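Report on the structure given below.
Letters A, B, ... are given to chains in the order of the sequence lines, protein chains preceding strands, and every chain is numbered from 1. Atoms considered below: every heavy atom in the structure, side chains included; atoms not considered: hydrogens, waters and symmetry mates. Values in this document were obtained by computation on a predicted structure and should not be read as measured data.
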There are 2 protein chains.
Amino acid sequence: MTTASAAPRGRPTIVDVAARAGVSKSLVSLALRGSAAVAPASRDAILAAAAELGYRPNAAAQALVARSSRTVGVLVLDLHNPVFAEILDGVLAGVRARGYRTMVVTGTDAAQERPELDKLLEFRVEGLVLVSHRLDAAALRAIAAETPVVVATRRDVTGPGIDTVCTDDRAGAELAVRHLVALGHRRIAHLGGGDDPVAADREAGYRDAMAAAGLERRTAVLPGGLDDAAGYAAARAALALRQRPTALFVVNDFAALGALAAVAEAGLDLPGQMSVVGFDGTRLSGLRSIGLTSVAQPLADIGRLAAERLFDRIDGRRTRARHTVLPPSLVDRATTASPRRPTTTVG
Amino acid sequence: MTTASAAPRGRPTIVDVAARAGVSKSLVSLALRGSAAVAPASRDAILAAAAELGYRPNAAAQALVARSSRTVGVLVLDLHNPVFAEILDGVLAGVRARGYRTMVVTGTDAAQERPELDKLLEFRVEGLVLVSHRLDAAALRAIAAETPVVVATRRDVTGPGIDTVCTDDRAGAELAVRHLVALGHRRIAHLGGGDDPVAADREAGYRDAMAAAGLERRTAVLPGGLDDAAGYAAARAALALRQRPTALFVVNDFAALGALAAVAEAGLDLPGQMSVVGFDGTRLSGLRSIGLTSVAQPLADIGRLAAERLFDRIDGRRTRARHTVLPPSLVDRATTASPRRPTTTVG
DNA sequence: GGCCGTTGTTGGAACGCTCCAACGACAGGG
DNA sequence: CCCTGTCGTTGGAGCGTTCCAACAACGGCC
């Protein structure tokens with residue numbers, strides 16, 4: 001009676017569902033997507049058949065015919081940096097809210113970044129969010145020519161298809177300096193972050209704020225880096241200065257933790273004899289055994305906005321590049337206070 | 001002369017490359033995959049045409065015809081926990097080394113976990129790595145019936161298609177207790193982690209080791225949790241015990257940081273009057289301003305092995321479930337020492 | 001009773017690729 | 001000179017979907 005169709009190999013397809021429900025594959029497609037044109041009886045039969053077979057639509061086939069993958073690619077420079085982890089969280093939430101999938105790439109070394117992004121482009125991701133990156137301007141622009149790109153936390157490379165979302169690092173540094181100045185500090189040293197473009201902005205903000213406070217001559221930038229060890233080393237150098245500072249403004253929280261260790265090791269009272277301000281405001285700085293005063297970036301907002309900017313382009317609402325700079329805020333915790341007394345050079 | 005073919009809309013396809021190189025699409029396919037059967041002259045022409053057009057293979061089409069996506073799905077419970085971030089790094093490296101792509105899902109609440117995994121299955125991922133999860137046993141087994149699953153850090157749910165890779169939490173707890181006992185501690189309290197299955201193992205290990213050291217009567221488990229605040233609260237409770245412990249073994253590093261804050265707040269000398277041991281051995285514990293003694297999990301190995309176990313199944317090398325338990329190690333830092341003197345109840 | 005519109009359904013083309021059977025050209029051997 | 005291989009190449013089928021034009025059935029209207 002019924003046609004002895006070949007037993008379906010592998011996973012059931014729409015055709016298997018159609019056969020079982022006794023309708024055409026077109027109607028199954030319609031019914032599964034909830035079309036109102038399908039008669040209730042057919043719809044129920046189709047849904048029942050699909051459930052019985054454990055049918056699951058094939059996203060690759062859908063992507064092929066729809067010419068859209070409903071997928072966004074995300075590159076994260078370094079997951080161990082809580083800054084990036086928190087931004088990523090925001091990005092993922094924003095993308096998920098739109099019903100898109102995410103392909104995340106991370107932990108690559110600089111040389112692998114480009115090939116990994118190429119793999120994402122082969123998947124025809126509809127856009128790319130780069131939570132920082134190490135691409136050169138040419139490579140970034142080449143990618144942006146193919147698909148919309150949003151860069152978070154960096155704004156040094158721009159181009160027609162490139163939006164940026166980041167914190168006003170300069171203003172953040174000024175916030176930190178003004179806070180310390182208001183507490184009565186005059187000798188405020190900055191522990192820098194090397195040749196990182198973000199670190200450069202923070203240093204510039206520090207210099208500006210020092211100058212604005214009439215402390216240009218007290219400006220002291222110690223070469224450092226973005227991690228614990230670099231912060232420790234830079235802080236040791238700062239503590240050994242002839243005119244020892246009473247406060248350290250450090251390029252980021254990780255390095256600030258290293259600086260705290262150096263301060264403790266030097267036997268200085270914190271914050272009485274030495275105040276320390278970090279930058280990033282990650283959860284790390286808020287842990288109660290740390291309590292680091294820090295310039296907080298609106299990390300979740302950065303991630304959410306990055307996703308939003310991308311969908312502006314995906315939906316065709318905008319083609320011009322847009323650059324968003326968000327204001328940071330100072331979170332006052334336990335590592336800052338007024339200097340105990342006019343500093344005298346110790347040792 | 002030449003056929004006035006329609007200008008290719010959108011991205012160039014293999015057919016556009018073929019037209020430009022003056023060959024058939026089949027030959028282009030062959031050439032792009034490096035077949036030796038293609039004449040050198042044709043190959044060069046094809047590669048040149050592809051480069052000129054900026055051709056990029058369409059992964060969706062390839063996946064459809066190959067009936068394999070060369071993609072692995074990864075679910076990460078919580079990126080902010082460095083434990084999971086470090087395991088993820090290992091997984092990604094392992095998957096990348098095999099030339100597969102990764103689709104990462106994270107930051108979902110418990111209810112979204114299942115639908116997000118369903119989306120991965122629609123993409124026909126060839127396997128799933130769950131870096132912890134909140135699925136019930138039935139849901140996990142249902143998924144494992146469709147595709148190979150490797151669960152990292154948990155081993156409470158098992159089934160035919162489910163491999164597990166985790167640390168020997170019991171042994172780790174024993175390591176911690178033995179270390180403290182060797183230092184001369186007798187009153188060693190445990191700050192627990194609530195109803196988490198991993199925490200249960202650590203508590204069991206603590207109890208065993210205490211019993212083995214003849215300290216069964218000194219066993220004290222304080223209800224806690226896995227974060228900073230919970231560790232702080234549990235530590236305060238521990239410090240208020242009539243027989244105040246001389247050492248705290250805490251369920252994880254985060255909670256241990258909270259405990260450190262409570263110890264400092266109580267004015268106790270660390271480690272002289274109170275030793276603290278954490279668990280996980282994340283980079284956090286190694287920061288020099290923290291220096292937490294901790295039971296380290298081999299996090300990178302867990303990730304790498306999880307990927308390896310998955311590829312065992314993807315490649316069809318194994319079908320039986322395999323459960324891997326890795327030994328932890330104690331990393332002795334600055335928060336443990338011999339108790340300064342026989343404890344007297346203070347306050 | 002023929003025509004119309006509506007409702008529900010259908011087959012086929014297309015998406016971009018890989019695979020396969022089969023093709024023409026050409027050289028070598030009988 | 002024909003047959004046989006080999007080499008390089010080709011068209012077509014198929015992967016699992018969506019979309020579209022077209023269709024059958026049916027009731028209402030003039």
Side-chain angles (χ1 to χ4, degrees), chain A residues 3 5-6 8-46 49-50 53-71 121-126, chain B residues 3 5-6 8-47 49-50 53-71 119 121-126:
Chain A
T3 30
S5 62
R9 312 98 4 111
R11 295 207 51 104
T13 74
I14 207 174
V15 179
D16 301 319
V17 176
R20 187 176 187 107
V23 298
S24 74
K25 65 172 183 18
S26 304
L27 198 59
V28 173
S29 174
L30 247 31
L32 291 178
R33 279 171 302 143
S35 161
V38 180
S42 311
R43 199 201 57 211
D44 294 346
I46 289 168
L53 291 174
Y55 169 78
R56 226 182 248 295
N58 183 322
Q62 288 178 323
L64 186 59
V65 66
R67 296 147 149 269
S68 103
S69 59
R70 294 185 68 79
T71 302
L121 292 175
E122 290 181 6
F123 231 105
R124 298 295 187 268
V125 292
E126 299 183 35
Chain B
T3 29
S5 61
R9 311 115 341 129
R11 294 207 53 103
T13 74
I14 205 173
V15 180
D16 302 318
V17 176
R20 185 171 188 109
V23 297
S24 73
K25 64 173 183 17
S26 304
L27 198 58
V28 174
S29 173
L30 247 29
L32 291 179
R33 280 171 301 142
S35 162
V38 180
S42 312
R43 199 200 56 211
D44 295 346
I46 290 168
L47 294 181
L53 291 174
Y55 170 77
R56 226 181 247 295
N58 183 322
Q62 286 177 323
L64 187 58
V65 66
R67 293 145 153 271
S68 103
S69 60
R70 295 187 69 79
T71 301
K119 282 208 291 187
L121 292 175
E122 290 180 8
F123 232 106
R124 300 294 187 269
V125 293
E126 299 183 37

For nucleotides 7-10 of chain C, list the nitrogen or oxygen atoms of the protein found under 3.5 Å from its nitrogen or oxygen atoms, one pair per line.
{"from": "dT9(C)", "atom 1": "OP1", "to": "S42(A)", "atom 2": "OG", "distance (Å)": "2.5"}
{"from": "dT9(C)", "atom 1": "OP2", "to": "A39(A)", "atom 2": "N", "distance (Å)": "3.1"}
{"from": "dT9(C)", "atom 1": "OP2", "to": "S42(A)", "atom 2": "OG", "distance (Å)": "3.1"}
{"from": "dT10(C)", "atom 1": "OP2", "to": "S24(A)", "atom 2": "N", "distance (Å)": "2.8"}
{"from": "dT10(C)", "atom 1": "OP2", "to": "S24(A)", "atom 2": "OG", "distance (Å)": "3.0"}

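Side-chain contact between T71(B) and F123(A) is present, with at least one heavy-atom pair separated by less than 4.5 Å. A heavy-atom distance below 4.5 Å is found between the side chains of S42(B) and L27(B). Using a 4.5 Å heavy-atom cutoff, the side chains of R56(B) and R124(A) are in contact.
Residues of residues 53-61 of chain A that place a heavy atom closer than 4.0 Å to DNA chain C do not occur.
Evaluation of the side-chain hydrogen bond (donor to acceptor under 3.5 Å, both in side chains) rule for E126(A) yields S68(A), Y100(A) as partners, not counting sequence neighbours. Partners of L64(B) according to the side-chain contact (heavy atoms from CB on, under 4.5 Å) rule, which considers only residues two or more places apart in sequence or in another chain, are N58(A), A61(A), L64(A).
Put simply, Q62(A) has a side-chain N or O that comes within less than 4.0 Å of OP1 or OP2 on dT18(D). OP1 or OP2 of dC19(C) sits under 4.0 Å from a side-chain N or O of R33(B). Side-chain nitrogen and oxygen atoms of R67(B) include at least one within less than 4.0 Å of the OP1 or OP2 phosphate oxygen of dG16(D).
dC15(D) atom P lies 20 Å from atom CZ of F123(B), rounded to whole Å. Protein atom CZ of R70(B) is 17 Å distant from nucleotide atom P of dC17(C), rounded to whole Å. Residue R124(B) contributes atom CZ, which lies 14 Å from atom P of dC15(D) at whole-angstrom precision. Rounded to an integer number of Å, the gap from I14(A) CD1 to dC15(D) P is 14 Å. Between the CZ atom of R11(B) and the P atom of dG16(C) there is a distance of 11 Å, rounded to whole Å.
Atom OG in S29(B) sits 8.5 Å away from atom CD in Q62(B) (nearest 0.5 Å). Note that OG of S26(B) is 8.0 Å distant from CD1 of I14(B), once rounded to the nearest 0.5 Å. Atom NZ of residue K119(B) and atom CZ of residue R70(A) lie 8.5 Å apart, to the nearest 0.5 angstrom.
When distances run from any side-chain atom of L64(B) to the nucleotides dT17(D), dC17(C), dG16(C), the shortest one goes to dG16(C).
The two atoms that bring P12(A) and L53(A) nearest to each other are CG-O, 3.4 Å, heavy atoms only. The two residues A21(B) and A45(B) have their closest heavy-atom pair at CB-O, 3.9 Å.
Rounded to 10 degrees, the angle separating the terminal axes of the helix from dG1(C)-dC30(D) to dG30(C)-dC1(D) is 80°, with each axis obtained from five end pairs.
Judged as a salt bridge (charged side-chain N to carboxylate O under 4.0 Å, His left out), the pairs with a partner in residues 20-45 of chain B (not counting sequence neighbours) are, in order, R20(B)-E52(B).
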